[in-house]
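As the structure is a computational prediction, the values presented were derived from the model and not from experiment.
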Amino acid sequence: MKFIPLPSRGGKYLVATANITYLRTHENNQVKIGLVGGESIQVDGNLDEVSALLRQ
């Protein structure tokens, strides 16, 4: 399982890439990430930046 650290305004999330269901642009240059079996989280950056982190 691959984990990616994603920065947010309150700290960092360590997210398992297999658990991501969607990415959506959100307010204030943030991206909302949907997770399997849980609530969505908000991370810093635009959609292109976040998707590039997930592809690494």
Hey, can you pull the donor-acceptor pairs under 3.5 Å for the side chains in residues 11-18, sequence neighbours left out?
unit_1, atom_1, unit_2, atom_2, d
T17, OG1, K2, O, 3.3

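- A continuous path of ILVMFWY side-chain contacts below 4.5 Å connects L54 to V31, so both sit in one hydrophobic cluster.
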Would you mind writing out the side-chain donor-acceptor pairs for residues 32-52 within the sub-3.5 Å range, not counting sequence neighbours?
unit_1, atom_1, unit_2, atom_2, d
Q42, NE2, H26, NE2, 3.2
D44, OD1, R9, NE, 3.1
N46, OD1, D48, N, 3.1
N46, OD1, E49, N, 2.8
E49, OE1, N46, N, 3.1
S51, OG, L47, O, 3.0
S51, OG, D48, O, 3.1
S51, OG, R55, NH2, 3.0

